[in-house]
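Reviewing the structure listed below.
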Amino acid sequence: MSDAPRLLVLWCPDWPVVAAGAVAGTPPLAPAAVFSANRVVACSAVARQHGVVRGMRRRDAQSRCPDLAVHQHDPERDARLFEPVAAAVEGQAVGVEVVRPGIVAVPVTGAAGYFGGEEALAELLLDEVSANAGVECQVGIADGLFAATLAARRSALVPAGGAAGFLAPLSIAELNQPGDDRAELVGLLKRLGLRTLGAFAALTERDVAGRFPRDAITAHRLARGLSERPPLRRALPPELSITEEFEHPLERVDEAAFVAKTLGERFFTGLARHGMACTRLAIVAVTEAGEERVRVWRCAEPLTARATADRVRWQCEGWLTARDGRPTAGIVRLRLDPEEVVGGQALQLQLGSMGRDADAAERAARALVRIQGLLGPDAVVTPLLDGGRGPAERVRLIPWGDPRTPVSPDAPWPGRLPAPSPAVLAAHPARVLDDRGAVVACTDRGELTGPPATVAVEGRSPRPVLAWAGPWLHHPALTTRGRRLARLQVVVEDETDEVALLLTVTVGGTPQWTVEGSYD
């Protein structure tokens, strides 16, 4: 028997693409994709027909679809434009929860009884969103958010108690929904021959807990049609809700962004001190005219301080910039209410919270000292950016507990590599050849014996050079085995993309090439 609540999920397909296209004026039927860090995070149905898929590199996607419209990932834009959709659903049903821009969930029981059944409710919401928001969407109903979301992608109404049977034949890849980051787990399950959700659900809880990473326990519950985690049966202290009142009403998005950061950190810290983390966040805004706006955000993973601030900022921006239903006055009060919480162990300790949360800093320090006691003082180190000429020289690893004092970060450092620095540092041997196949060398005057044509790293096959710059002679203090060095930047053609490398070469005599780093 499923312990998951019965939900209706309304899903707007490829919402990041729809929102980006609406801002850029892209034709609705044009192939388009949204990119983050040079990889596809969402693409239109027309783009998928050309072979574009989520996770693909931009170069590969454009090679498969030359007419692809390229948009940059912008969560704030997606949330702002999704507000009219959420408002249209909220006009007909109570308890609307925004899962993420593009997906809203609604409790079914009360609304279905009022409108004459689940099917009637689904048809009503489809018509309402189409008429008031001008957006195409799909609806699914099932027990639990995970099953209801997959049902919405298939426009299915799963009978009560039938979530496990509905999920069983679906691919195991469905566990890796946007924002879940379960690609590694899905790959492991496929290699073990567990290719459907039903096959994974057939394993016992003990086997999953003992043989798989911790995230697999949550994934196993979802595959069985259960809620993501058992409910935390604990009364919530009233002080977990936080309220902020403003002497000057918030009317601009930049003001809301500043307030959101402060509220997010206060809210997260308050929950952490009680050993809890939030998975459903209610954001309540009261305007100077007495109007009240409420929106609930449901989250697959417990909210961090930054994730809380993001949702507060997105929601305030959606309210303040809405075309229809915009408040008639500025916001004078914001309140954050934890609608659903889980035990704090569901959220790993953030080392980055040191200095902001004294309790977290103390717990982290005790854990690190404990590791040092087991493995030795040099087993726990933290990086420190210091002075130096090369990127690798600037990173010092400081044992935990030792003073973190830079030696000379602001010294002139003649010959220092200018910004930007490589994103990834390396020390791989390389071979740089000219167009005749001869090894390129650097003379004592800092000149190359020929233009670089190919670069081979660690004995792999040579890659053609698309562009290059340099060389630049190092400061005389920088040598290797008594020989001066020079730097060269090259852009080489990789299997699916272009890669920029930072190379070093010995000056004079037989050249020795090394890859010092690569640029993102």
Side-chain angles (χ1 to χ4, degrees), residues 9 11-21 24 26 30-79 82 99-103 138 145-146 149-150 152-154 167 170-197 200 212-213 215-216 218-219 222-223 228 299-301 306-307 310 423-424 460 463 491-500 518-520:
V9 165
W11 171 59
C12 299
D14 310 321
W15 180 255
V17 179
V18 174
T26 305
V34 174
F35 291 84
S36 176
N38 214 33
R39 290 187 179 273
V40 177
V41 296
C43 58
S44 64
V46 179
R48 285 193 292 272
Q49 294 173 1
H50 286 81
V52 180
V53 296
R54 188 159 56 98
M56 181 178 289
R57 286 182 178 269
R58 174 172 174 172
R59 179 189 177 101
D60 195 15
Q62 290 181 309
S63 67
R64 298 192 181 198
C65 184
D67 297 330
L68 187 70
V70 174
H71 305 292
Q72 292 303 312
H73 186 44
D74 185 353
E76 296 182 17
R77 173 196 62 208
D78 299 344
F82 190 64
V99 180
R100 62 175 181 271
I103 296 181
Q138 298 176 203
L145 179 62
F146 178 69
T149 301
L150 297 186
R153 295 178 184 275
R154 295 159 177 81
L167 296 172
L170 302 183
S171 169
I172 196 70
E174 296 289 359
L175 288 173
N176 190 31
Q177 294 294 316
D180 290 339
D181 194 22
R182 296 196 182 102
E184 185 174 349
L185 174 63
V186 168
L188 174 61
L189 296 176
K190 286 183 177 179
R191 291 193 296 272
L192 293 176
L194 303 173
R195 300 187 177 277
T196 64
L197 294 176
F200 183 39
F212 293 94
D215 185 51
T218 299
L222 296 179
E228 294 185 32
C299 312
E301 296 295 331
R306 180 175 179 178
D310 285 343
V424 179
R460 293 197 292 266
R463 302 293 184 189
V491 178
V492 299
E493 183 176 356
D494 203 354
E495 295 178 353
T496 59
D497 204 353
E498 299 173 0
V499 179
S518 61
Y519 296 89
D520 192 3

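Counting from 1, the numbers follow the sequence of the chain as shown.
Distance check: Thr218 OG1 to Phe146 CZ gives 11.5 Å after rounding to the nearest 0.5 Å. Atom-to-atom distance recorded for Leu167:CG and Glu174:CD is 9.0 Å, nearest 0.5 angstrom. Atom CG of Leu68 is separated from atom OG of Ser44 by 7.0 Å, given to the nearest 0.5 angstrom. Ile172 CD1 to Leu189 CG: the interatomic distance, rounded to the nearest 0.5 Å, is 5.0 Å. In this structure, CG in Leu170 is found 11.5 Å from CZ in Arg153, a value given to the nearest 0.5 Å. The CZ atom of Arg39 sits 10.0 Å away from atom CE of Met56, with the distance rounded to the nearest 0.5 Å.
No side-chain donor-acceptor contact under 3.5 Å links Asn38 to the backbone of Arg57. The closest donor-acceptor contact from the side chain of Arg182 to the backbone of Leu175 lies under 3.5 Å.
You'll find the side chain of Ile103 stays beyond 4.5 Å of the side chain of Trp15, heavy atoms only. With a 4.5 Å cut-off on side-chain heavy atoms, His71 and Thr26 count as touching. A heavy-atom distance below 4.5 Å is found between the side chains of Arg195 and Lys190. Using a 4.5 Å heavy-atom threshold, the side chains of Arg48 and Asp14 count as touching.
In summary, of the residues considered (Thr149, Leu145, Val9), a side-chain contact (heavy atoms from CB on, under 4.5 Å) with Val99 occurs for Leu145 alone.
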Query raised in the report: Checking side chain to side chain contact (heavy atoms under 4.5 Å, CB included) for the pair Phe35/Val40: CA distance, chi angles, key distance, verdict?
Result: CA-CA 5 Å; Phe35 291 84; Val40 177; 3.3 Å; yes

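Around the CZ atom of Arg154, the shell of radius 6.0 Å holds more than 12 heavy atoms that belong to other residues, nucleotides or ligands.
Contact between Arg77 and Pro16 at its shortest, heavy atoms only, is NH2-O, 4.0 Å.
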